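Following: one structure in structure tokens, then a few remarks.
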Amino acid sequence: MNELKNKFEGIRIILGSASPRREQLFKSLELPFEVIAKDVDESFPENFRREDISMFVARKKAMTFMKESAGGKTLVITADSIVCVDELILGKPKDAPDAFRIIKLLSGRKHQVFTGVCLMTSKKSASFFCKTDVSFKTFTDDEINYYIENFKPFDKAGAYGIQEWLGLIGVEYIFGSYTNVMGLPVKELYDNLLRF
């Protein structure tokens, strides 16, 4: 018997995300849910630590669903991912030259992916984050250009999807959750939903 299905029976679950990858990953939990995407200002205070940024933005996203969760029978789940190399935070690329710059920064180095997740009802909320270390091989300029031209990673933090061509040919090692790098740490989400 699926424990989560029992726990959330009769609860409307909203995944507040425009990411097809998050939707795909959430489906693996086998819970009935709907997807609603809203535009959210993803800015954050400059003095925040890396893990705090992703949780802060995920919570900001969840707060936009106050109207939907007003009845108490709705659970809103939101997430935000950031990619960091050293102390530098890499967001989504603005265009192809910016994507090239970002991937070049990650080339031949280790970086971290932080995903913050917020669970919210009208009565309570909980937030958590997951961190994964990823190490890339050194990419040639041709490899980077090929990836950008064919996969257009402009909606992805760090300008890449680990499940796409660049990730498949480039990851030397990964330490931590693979699904976290895709945008939703499924195991950690499952554990937190059971505790919620």
Side-chain angles (χ1 to χ4, degrees), residues 15-27 35-61 64 78-118 129-186:
L15 178 64
S17 178
S19 164
R21 293 164 300 284
R22 286 196 182 117
E23 181 180 353
Q24 173 199 349
L25 288 168
F26 195 85
K27 277 181 185 166
V35 175
I36 302 177
K38 295 191 179 188
D39 286 329
V40 180
D41 167 25
E42 295 188 10
S43 62
F44 51 85
E46 280 185 24
N47 60 335
F48 270 31
R49 292 178 311 193
R50 298 169 303 177
E51 60 272 20
D52 294 332
I53 293 166
S54 57
M55 286 194 295
F56 177 83
V57 176
R59 186 170 172 77
K60 229 179 175 184
K61 290 176 178 178
T64 66
T78 55
D80 187 71
S81 297
I82 62 167
V83 174
C84 303
V85 61
D86 298 328
E87 292 301 311
L88 187 64
I89 294 159
L90 304 173
K92 296 171 185 171
K94 295 186 279 292
D95 51 28
D98 195 35
F100 185 92
R101 176 190 68 81
I102 290 170
I103 296 170
K104 198 79 170 163
L105 273 172
L106 300 176
S107 178
R109 301 174 73 184
K110 183 175 86 170
H111 63 275
Q112 288 76 41
V113 179
F114 291 87
T115 299
V117 180
C118 182
F129 77 92
C130 184
K131 173 193 166 197
T132 304
D133 290 326
V134 181
S135 184
F136 273 146
K137 79 179 191 94
T138 301
F139 298 115
T140 66
D141 288 358
D142 283 347
E143 286 170 336
I144 298 172
N145 284 322
Y146 173 84
Y147 176 67
I148 293 167
E149 194 176 309
N150 289 279
F151 292 87
K152 302 183 176 19
F154 307 117
D155 64 333
K156 297 174 177 72
Y160 79 92
I162 195 165
Q163 72 282 6
E164 293 178 343
W165 184 80
L166 196 78
L168 297 173
I169 65 119
V171 172
E172 290 190 327
Y173 77 80
I174 178 169
F175 185 77
S177 166
Y178 176 81
T179 59
N180 180 52
V181 187
M182 286 180 71
L184 193 68
V186 177

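Residue indices begin at 1 and follow the sequence shown. Note that the coordinates shown come from a computational prediction; the quantities given were computed from them, not determined experimentally.
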Backbone of [Y] reached by a side-chain donor or acceptor of [X] within 3.5 Å:
| X | Y | result |
| --- | --- | --- |
| T179 | V186 | yes |
| S54 | G116 | yes |
| S135 | Y173 | no |
| D86 | L88 | no |
| K38 | A18 | no |
| R22 | G183 | yes |

Looking only at side-chain N and O atoms, does [Y] offer a donor or acceptor that is under 3.5 Å from a partner on [X]?
| X | Y | answer |
| --- | --- | --- |
| E164 | Y147 | yes |
| T115 | N180 | yes |
| T140 | D142 | no |

Could you check whether F48 and F44 have their ring centres less than 6.0 Å apart? no

Residues in salt bridge (Lys or Arg N to Asp or Glu O under 4.0 Å) contact with E172, at least two apart in sequence or another chain: none

Would V181 and Y160 count as a side chain to side chain contact (heavy atoms under 4.5 Å, CB included) if you check the C-alpha gap in whole Å, the side-chain angles of each, and the deciding distance to 0.1 Å? CA-CA 10 Å; V181 187; Y160 79 92; 3.6 Å; yes

Tell me every residue that passes ring pair (Phe, Tyr, Trp, His ring centres under 6.0 Å) with F154, counting only those two or more places apart in sequence or in another chain. none

Sequence neighbours left out, what passes ring pair (Phe, Tyr, Trp, His ring centres under 6.0 Å) with F139? Give chain and number order. F136

For residues 92-102, run the donor-acceptor check on the side chains, cut-off 3.5 Å, and write out each pair with its distance to 0.1 Å, sequence neighbours left out.
from: D95; atom 1: OD1; to: D98; atom 2: N; distance (Å): 2.9
from: D98; atom 1: OD1; to: R101; atom 2: NE; distance (Å): 2.9
from: D98; atom 1: OD1; to: R101; atom 2: NH2; distance (Å): 2.9
from: D98; atom 1: OD2; to: K94; atom 2: N; distance (Å): 3.0

Please list, chain by chain and in numerical order, all residues satisfying side-chain hydrogen bond (donor to acceptor under 3.5 Å, both in side chains) with N47, sequence neighbours excluded. none

With sequence neighbours left out, write down each residue that passes side-chain hydrogen bond (donor to acceptor under 3.5 Å, both in side chains) with K137, or none if nothing qualifies. E143

Under-4.0 Å salt bridge between D141 and K104: yes

Evaluation steps, salt bridge (charged side-chain N to carboxylate O under 4.0 Å, His left out), between D39 and K61: CA-CA 8 Å; D39 286 329; K61 290 176 178 178; over 6 Å; no

